[in-house]
Amino acid sequence: MRIAEQKEQSLIKARIVEKYFWAWAKVIISKVKKGSSSNQKIAYVDLFAGAGRYKDGSKSTPVKVLETAIADPDMRNMLVSIFNDADVENVNSLQQAIDSIPGIENLKYRPQISKYEVGEDIVKTFQSMKLVPTLFFVDPWGYKGLSLQLVNSVVKDWGCDCIFFFNYNRINMGLNNDAVKEHINALFGQVGADQLRKRLKTFTLTPQERELTVVEYICEALKEMGGKYVLPFRFRHEMGNRTSHHLIFVSKHPKGYEIMKEIMAKESSEQTQGVPSFEYNPATLQQPLLFELTRPLDQLESMLLDNFSGKTMTMAEIYDQHHPGKPYIKKNYKTALSNLESQEKITVHSPEDKKRRKGTFADGLKVTFPVKQ
């Protein structure tokens, strides 16, 4: 069934996926073209593709991804696209929308559309295949079909990343519901789900602490399965008082993580001291809140002095080592280091053959941190 209209949250979610697809594809294509293999392909797979258009006429993510590919010569010749949805009406609507895209006939590989229930069979298929570099988008209505095994089966091969929809409200309600125990166990893993249930029963947590605990468990479970880099982005309801869902990115490569971090940072509805919130909150756009007590950039400066005490490293090395798992983008590190330099808390050295431009903090600048007393 098609959704009546594309809500703002859906628009942001789609934009994050589309931006990442473009950036991911350009990086992967350059690598694939340098390789010796004659089988030069990349793939985009959407396992819960939905309809091609919303009822208000706006385009869904599959249509936008294909339009992006049609406009780029390399993508036109290399992209294999697979769209799946168990709903027959969605499949028919998507097929019509794809067929009507201008230039669709210019794609070397015609988009494949299927109508399977996502479950163990699809997981086993992916597990048994060596996949070409693939971006997977998994956006189920609830949690049925979404599992750790599914995500791991698609990110196991080189160049494969996954973006999935994590419906926090439904998952939170399902944690202690025996009727959906099987699906929750598949999502967190049997051991992880049992540990999470025990923790939530043992400790008295605020709603925010409970949410952070649940999201932390899924992120840690993904890392244990091999998805080294995991990045969640939170969406709040229109009133801004509670979470609706998260979009979670999983990759094995730091470059993909860095690219997605920059994209999610730009789509964040607020920034404090230039540090992105990694959430979309409609309420903050209408009625900005005051966050004077939160000073994340100051915290970053303190962390850098503590973590790198007595070391000399380049700006790029500091960033690469420190940013995974933290809400900071490269620009934040340059600002923090500039602040520390102006306070004479660090010493900065320019390479001998390069003149430093005023007000800049290049990746190659060497920083010496004092030994912490």
Side-chain angles (χ1 to χ4, degrees), residues 3 7-17 20 45-50 61 118-119 122-123 135-155 160-177 180-190 192-193 195-197 199-200 205 207-237 242-251 256-257 260-261 263-264 267-269 277-282 325 327:
I3 302 172
K7 291 185 177 180
E8 189 69 17
Q9 285 95 330
S10 298
L11 188 64
I12 302 298
K13 179 175 64 177
R15 199 154 64 210
I16 289 172
V17 175
Y20 187 75
V45 177
D46 187 337
L47 296 178
F48 299 86
T61 303
V118 176
I122 284 183
V123 172
L135 178 60
F136 284 84
F137 183 41
V138 186
D139 188 2
W141 285 107
Y143 36 72
K144 187 178 179 183
L146 180 61
S147 68
L148 281 180
Q149 295 290 344
L150 173 64
V151 175
N152 189 55
S153 73
V154 299
V155 300
C160 294
D161 292 341
C162 181
I163 305 168
F164 71 91
F165 179 90
F166 185 78
N167 191 325
Y168 172 71
N169 283 338
R170 293 198 63 189
I171 290 164
N172 183 40
M173 289 187 291
L175 275 164
N176 295 308
N177 183 348
V180 296
K181 189 173 184 178
E182 179 185 346
H183 297 304
I184 297 296
N185 287 350
L187 178 57
F188 290 92
Q190 174 80 56
Q195 288 176 343
L196 177 56
R197 292 186 188 104
R199 179 172 176 79
L200 295 176
L205 303 174
Q208 184 179 14
E209 289 170 340
R210 184 181 176 93
E211 178 186 342
L212 290 172
T213 299
V214 172
V215 173
E216 183 181 8
Y217 262 75
I218 189 66
C219 290
E220 288 304 314
L222 289 163
K223 289 177 184 178
E224 287 175 14
M225 292 283 286
K228 188 175 180 181
Y229 298 96
V230 182
L231 186 62
F233 186 94
R234 177 165 58 183
F235 290 85
R236 289 189 181 271
H237 283 286
R242 61 191 178 96
T243 297
S244 60
H245 60 277
H246 293 77
L247 199 63
I248 298 181
F249 169 75
V250 189
S251 178
Y257 179 78
M260 181 57 96
K261 205 174 198 184
I263 290 170
M264 287 182 171
E267 295 297 340
S268 298
S269 58
S277 62
F278 289 93
E279 74 168 28
Y280 177 75
N281 186 345

[X]: which residues meet the ring pair (Phe, Tyr, Trp, His ring centres under 6.0 Å) condition with it, sequence neighbours left out?
| X | answer |
| --- | --- |
| F249 | Y20 |
| Y257 | Y229, H323 |
| F165 | H245 |
| F136 | F126 |

Interatomic distance, [X] atom [atom1] to [Y] atom [atom2] [nearest 0.5 angstrom]:
| X | Y | atom1 | atom2 | result |
| --- | --- | --- | --- | --- |
| E216 | E209 | CD | CD | 12.0 Å |
| L200 | N172 | CG | CG | 7.5 Å |
| C160 | L135 | SG | CG | 9.0 Å |
| K13 | F233 | NZ | CZ | 12.0 Å |
| L187 | L150 | CG | CG | 10.5 Å |
| F166 | T243 | CZ | OG1 | 11.0 Å |

Any idea which heavy atoms bring [X] and [Y] closest together, and the distance?
| X | Y | value |
| --- | --- | --- |
| S269 | N281 | OG-N, 2.9 Å |
| I184 | G174 | CG1-O, 3.5 Å |
| D161 | S251 | OD1-OG, 2.8 Å |
| C219 | V230 | SG-CG1, 3.6 Å |
| S277 | S268 | OG-CB, 3.6 Å |
| A14 | T61 | CB-OG1, 3.4 Å |

Is the shortest heavy-atom distance from the side chain of [X] to the side chain of [Y] under 4.5 Å?
| X | Y | value |
| --- | --- | --- |
| M264 | L231 | yes |
| I248 | L222 | yes |
| I16 | L247 | yes |
| L175 | V214 | yes |
| V118 | V138 | no |
| I218 | L148 | yes |
| R170 | V180 | no |

Practice prompt. Could you list the residues that satisfy side chain to side chain contact (heavy atoms under 4.5 Å, CB included) with L212, not counting sequence neighbours?
Written response: Q208

Practice prompt. Just jot down the side chain to side chain contact (heavy atoms under 4.5 Å, CB included) partners of N185, sequence neighbours excluded, or say none.
Written response: K181, Q190, A193, R197

Fill in: Reference residue H246; test side-chain hydrogen bond (donor to acceptor under 3.5 Å, both in side chains); the match among E279, R234, E211
E211

